[in-house]
Participant: 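Have a look at this one before I ask anything.
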2 protein chains.
Amino acid sequence: MARAGRPRTFDRTAALHAAMELFWRHGYEGVSMKMIETRLGLAPTSVYAAFGSKEALFEEAVELYDPDGDTLTDRALGLTGIRDSIEALLRDNAEAYVDPTTPAGCMLVLAAVNLGAGHDQVGERLARRRHRDAEKIRRRIERARAEGELPLGLDVDRAAALLVTILHGLSIQARDGYRRDQVLGIVDAAMLGWDALVRAAS
Amino acid sequence: MARAGRPRTFDRTAALHAAMELFWRHGYEGVSMKMIETRLGLAPTSVYAAFGSKEALFEEAVELYDPDGDTLTDRALGLTGIRDSIEALLRDNAEAYVDPTTPAGCMLVLAAVNLGAGHDQVGERLARRRHRDAEKIRRRIERARAEGELPLGLDVDRAAALLVTILHGLSIQARDGYRRDQVLGIVDAAMLGWDALVRAAS
DNA sequence: GGTATTCTGTAGTGACTGCTACATATATCG
DNA sequence: CGATATATGTAGCAGTCACTACAGAATACC
């Protein structure tokens, strides 16, 4: 721990929040350290002293955006009924994607789509988080099937893949300016599809 | 027209193809002119003489990828039955997204997700092409409804938005390594959803 | 107070960005 | 042939990238 030394003159958490929003909106390579310094009103040395490097700062920003086990997705999948779970999963995330007080879409999907050479790790780490979320959804559906809430004939992988695909697609749609009523319309239509999937398997 | 002068020593069309693939795979900002020069085996001056600028080269590459009125989407929407049209739309594009001989996903969706300052036009032009494709799909569904092939109660905007969302989501899934059988499974599930949408409206 | 420790601002590092001036090479046209 | 026009290769432009050496400032511990 820090035993002595000049105390930091800025709020580290607030700075991290601001950096997260920049990365969320413009992507990893779309944000320069200069932009971060300007936005935060800090000198480069202060940023590097507090966060280490651009990659480390991005990693912290991602963890702030997607905290382990405490996301909208986690809460939705924690609901008791499987249909309520799925509907909350789609609806709550869709609403977050178009929340006008935050950047559009999902940071995990949008922040590192295309990277130059030398930043493979940045993209891979986000891909791992996306995969982890997909796995959560798949396991939730599998549990519901094991508990008799869904027909045994349901193709769990395919159902989960469709939901994840729709969520990822909604991130692009949100970036393209879709509004709340439009994404919620897509969610309603997707729920009709979910019901059809379940019905077709029984 | 060129009346005289030293002739070009490389194949301009082949060079454009190679550049398109680079932009498709790595995105606009993920590709440097140096990368293009190296890949094409050309000096910077030759590239600039042939294509003008990075933005102009990108624009040509996009037009090569998405030629006006001659895409998989155009051909699918040209089929006679609306269900065949929609299924071909999803299936043919999905297969193209995971074609191992080309970069994964749709270039229009992936090549300019997040841009640094000063390249707004690049992203906006791609967004316009995405919007144009979505409009094509919407109009195809509307035509089918007007011709009595679909129930009058069908929400055309919502149905089209769901399809576009799934296509855009499939681009992300393809980037995340989904294989042919997986994306085709998603297409099958989506068609169940389409049928449910149609049924619910009648 | 003295010392150790940490933060802050200036000023700059080498590497890369898209792009180009310039000289030279190679073609067509008269 | 000479004149004109275009392509090519070298060498380098100003600007930005992530990052840092250095000196000074502000704290805690003794």
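Values reported hereafter were calculated over all heavy atoms of this structure, with side chains retained and with hydrogens, waters and symmetry mates removed. Residue numbering restarts at 1 for every chain, and letters A, B, ... go by the order of the sequence lines.
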Participant: I want to check one thing: is the phosphate of D/dA26, taken as OP1 and OP2, less than 4.0 Å away from some side-chain N or O of A/T9?
Facilitator: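 No, because none of the side-chain N or O atoms of A/T9 sits under 4.0 Å from OP1 or OP2 of D/dA26.
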Participant: Take atom CZ of B/F51 and atom P of C/dG18, then tell me their distance rounded to the nearest Å.
Facilitator: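 In whole Å, C/dG18 P and B/F51 CZ are 16 Å from each other.
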Participant: If I take atom CG in residue A/L40 and atom C1' in nucleotide C/dT8, what distance separates them, rounded to the nearest angstrom?
Facilitator: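 Distance check: A/L40 CG to C/dT8 C1' gives 14 Å.
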Participant: Quick one: does A/K34's side chain have a donor or acceptor within less than 3.5 Å of a partner on A/P44's backbone?
Facilitator: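 Such a contact is absent between A/K34 side chain and A/P44 backbone.
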Participant: Run the ring pair (Phe, Tyr, Trp, His ring centres under 6.0 Å) test against B/Y65 and tell me which residues pass, sequence neighbours left out.
Facilitator: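 Testing B/Y65 for ring pair (Phe, Tyr, Trp, His ring centres under 6.0 Å), a comparison that skips the adjacent residues, returns B/W24.
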Participant: To the nearest Å, give me how far apart CZ (B/R6) and P (D/dA3) are.
Facilitator: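 So the two atoms are 21 Å apart, to the nearest Å.
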Participant: Can you name the one residue among A/H26, A/E21, A/R25 that meets side chain to side chain contact (heavy atoms under 4.5 Å, CB included) with A/V31?
Facilitator: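 Only one of A/H26, A/E21, A/R25 forms a side chain to side chain contact (heavy atoms under 4.5 Å, CB included) with A/V31, namely A/H26.
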Participant: Return a single string for nucleotides 12-22 of chain D, one symbol per nucleotide in 5' to 3' order, where B is base contact, S is sugar-phosphate-only contact and - is none, cutoff 4.0 angstrom on heavy atoms.
Facilitator: -----SSBBB-
Participant: Can you tell me the distance, in whole Å, between the CG atom of B/D11 and the C1' atom of D/dA7?
Facilitator: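 Interatomic distance, CG of B/D11 to C1' of D/dA7: 16 Å.
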Participant: For the atom pair CD (B/E149) and CD1 (B/I141), what is the distance rounded to the nearest 0.5 Å?
Facilitator: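 Rounded to the nearest 0.5 Å, the CD-CD1 separation comes to 11.0 Å.
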Participant: Quick one: which of C/dT6, D/dG9, D/dA7 gets closest to the side chain of B/A43?
Facilitator: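 Nearest nucleotide to the side chain: D/dG9.
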Participant: Write down the distance between CG (B/L115) and P (C/dG18), rounded to a whole number of angstrom.
Facilitator: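 It is 13 Å, rounded to the nearest whole Å.
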Participant: For the pair A/R180 (side chain) and A/E95 (backbone), establish whether a donor and an acceptor sit closer than 3.5 Å, ignoring hydrogens and angles.
Facilitator: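 Side chain of A/R180 to backbone of A/E95: no pair is present.
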Participant: To the closest 0.5 Å, what do you measure between CG (A/L150) and CZ (A/R145)?
Facilitator: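 Here the rounded value is 9.0 Å.
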